Amino acid sequence: MDWLEEKREEMSDYIRNLSFRKAMIAYILVLAAIVLGLSYLTMVICWQWEAAEWAKYEQKDLAEMIYQKGPMWGYHHPFAADTDFVWILCLDFIRVWCPFLYAFAGMVITILLFYRKRLAKPLSILEDSVERIRGNDLDFRVQYDSEDELGNLCDSVEEMRMELVRGKEEMWHMVERQKELNAAFAHDLRTPLTVLKGYTDFLVRYLPEGKISQEKMQDTLALMSEHLKRLEDYSRTMKGIRSIDEVPFAPEWREIRSIGKKIGEVVFALDQIGDVKIHYKGCCVTGGSGKDLDGQTGEGNGSLEERRVQADDNMIMEVLENLLSNAIRYAKKEIEVMADYHMEKKEFLLTVRDDGKGFSKEQLENALLPYHKEYESVETDEHFGIGLHICRELCKKHGGTLNAANSIQGGAVVTASFYCNR
């Protein structure tokens, strides 16, 4: 039985996968065989019935029978009753015309069967698919289990649908990347402007009181000029790129002390704004004896604090400004900034901790995703929810990572690492 079932399935698959030309020939041959068989059977039966009717008049002299051709291929018999004559006439008509009647009826039935078995389902699938595609609904699959012409057409429509899906996904990703880039541009412009505002508030607050020396004022103006140049360079760079992935990474030899000094300058500027106190203790070096692989201290013979590393300090500053911008938004009273360089791992670590309420479990899982609000309670905040995502992408370009957690002292703590090749 299993063998018969297997053979039946193979035959069914073979018939289903026949091309329209072969299938139509097969239907016509089957129709011809059925018409021939029914016609022969009908002729034999009609001839037997007709012979039985003629047998009633065997006693009559056949010479007395007058055959006259009737209007319907019948014969007039003067000795036959009217009812018998009509019946004989009908049998004779059926016997003569049955092949044509069977052929006509068979063609109609064959066309209907062929449409139902081979055309109705795939045409319905194609019509439904076209309607859904026209309605911009691509969440379906065009599937028809046959290798005939319409089966191949359904496969082609499925490939077209997949291409449309891929094109739509690619366009969606392009829109998302552009949206992300625009948000990053707006976010990163706001933070340096906040730094400049901090320097401006510092000058406005202390300059009229004469508490700022000439040297300090010149240093402050030089820092403001440097930040304005950064903004100008950043605007020029963002104008020519299409996504955050294209943000240029340009590491240069920098002293750890100079990086730490820039961090202190940013912290100083932002500390002038609002009631939140920002603490920064300076940059330190850990994880080594202070000697290079050749046994010399530093890059040459300088002190450990003067060690030079390859780093993109502009990228580090962008991450710092983003982290501080988020921390200031949610801190209660104070923020702590820590910077370390780990010699063995060749990593520059930047940590920002605030004393806010910290991250929830759900926020810890999604905080680094684009457009995620760090704190759901801030309903009127215009924050894009992209700051930490930008920081993570910049850290990745610098060979590092970004980690968000809750501090054991309370509040959120975010650590950014940057791989700095010596």
Side-chain angles (χ1 to χ4, degrees), residues 1-52 69-75 87-167:
M1 294 299 292
D2 293 340
W3 180 81
L4 290 176
E5 184 70 19
E6 182 179 354
K7 291 299 181 182
R8 189 185 69 81
E9 289 293 332
E10 291 179 359
M11 181 60 66
S12 177
D13 292 340
Y14 175 77
I15 295 174
R16 184 171 60 250
N17 294 326
L18 283 175
S19 64
F20 281 171
R21 182 179 61 181
K22 293 181 179 179
M24 183 60 71
I25 293 175
Y27 272 75
I28 292 175
L29 291 177
V30 171
L31 167 65
I34 293 174
V35 168
L36 288 175
L38 289 177
S39 298
Y40 176 77
L41 184 62
T42 302
M43 288 179 179
V44 171
I45 294 175
C46 289
W47 180 262
Q48 290 178 350
W49 283 357
E50 193 174 349
K69 193 172 184 179
M72 297 181 62
W73 291 89
Y75 296 92
W87 178 238
I88 292 172
L89 206 61
C90 290
L91 291 174
D92 191 60
F93 175 84
I94 294 173
R95 179 170 55 83
V96 173
W97 290 99
C98 67
F100 303 98
L101 296 175
Y102 285 145
F104 177 78
M107 285 189 295
V108 174
I109 295 174
T110 300
I111 292 172
L112 293 177
L113 285 176
F114 187 82
Y115 177 82
R116 180 180 177 183
K117 295 292 186 180
R118 304 301 299 266
L119 300 178
K121 183 177 179 180
L123 289 177
S124 176
I125 293 174
L126 290 172
E127 182 180 4
D128 180 67
S129 301
V130 171
E131 287 297 325
R132 297 184 70 169
I133 292 174
R134 183 183 292 116
N136 203 25
D137 177 16
L138 302 177
D139 189 17
F140 68 99
R141 183 180 178 186
V142 184
Q143 184 175 7
Y144 178 59
D145 296 331
S146 177
E147 297 179 3
D148 59 12
E149 288 83 346
L150 284 180
N152 295 332
L153 182 58
C154 288
D155 292 339
S156 299
V157 173
E158 172 64 13
E159 292 178 3
M160 180 185 71
R161 184 193 70 85
M162 292 299 298
E163 287 296 326
L164 290 174
V165 170
R166 282 191 287 268

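From a predicted model like this one, the values you see are computed outputs, not experimental measurements. When reading the values below, keep in mind they use all heavy atoms of this one structure, side chains included, and skip hydrogens, waters and symmetry mates.
Closest non-hydrogen pair, V96 versus P99, comes out as O-CD, 3.6 Å. For the residue pair E149 and F20, the shortest heavy atom distance occurs at OE1-N, 3.0 Å. Scanning both residues, Y102 and V35, for their nearest heavy atoms gives O-CG2, 3.7 Å. The shortest heavy-atom contact between R141 and R161 is CA-NE, 4.1 Å.
Going from atom CG of L91 over to atom CD of Q48 covers 11.0 Å, rounded to the nearest 0.5 Å. One finds the CG atom of D128 at 12.5 Å from the CG atom of L123 (value rounded to the nearest 0.5 Å). One distance of note links CG of L138 with CE of M162; it measures 10.0 Å at 0.5 Å rounding. With rounding to the nearest 0.5 Å, the separation of OG in S39 from CD1 in I34 is 11.0 Å. Going from atom CG of D148 over to atom CG of L153 covers 10.0 Å, rounded to the nearest 0.5 Å. A distance of 11.5 Å separates CG in D137 from CD in E131, rounded to the nearest 0.5 Å.
Annotation: side chain of I133 is in contact with side chain of F140 (closest heavy-atom distance under 4.5 Å).
A distance-only check finds a donor-acceptor pair linking the side chain of S129 to the backbone of I125 [under 3.5 Å].
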Go through the steps for C46 and D92 under the test side-chain contact (heavy atoms from CB on, under 4.5 Å), then give the verdict.
-> CA-CA 7 Å; C46 289; D92 191 60; over 6 Å; no
Worked verdict on Q143 versus E158 for side-chain contact (heavy atoms from CB on, under 4.5 Å) = CA-CA 8 Å; Q143 184 175 7; E158 172 64 13; over 6 Å; no
Candidate pair L119 and L150, rule side-chain contact (heavy atoms from CB on, under 4.5 Å), full reasoning | CA-CA 8 Å; L119 300 178; L150 284 180; 3.6 Å; yes
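Within 6.0 Å of the CZ atom in R21, the count of heavy atoms belonging to other residues, nucleotides or ligands does not exceed 12.
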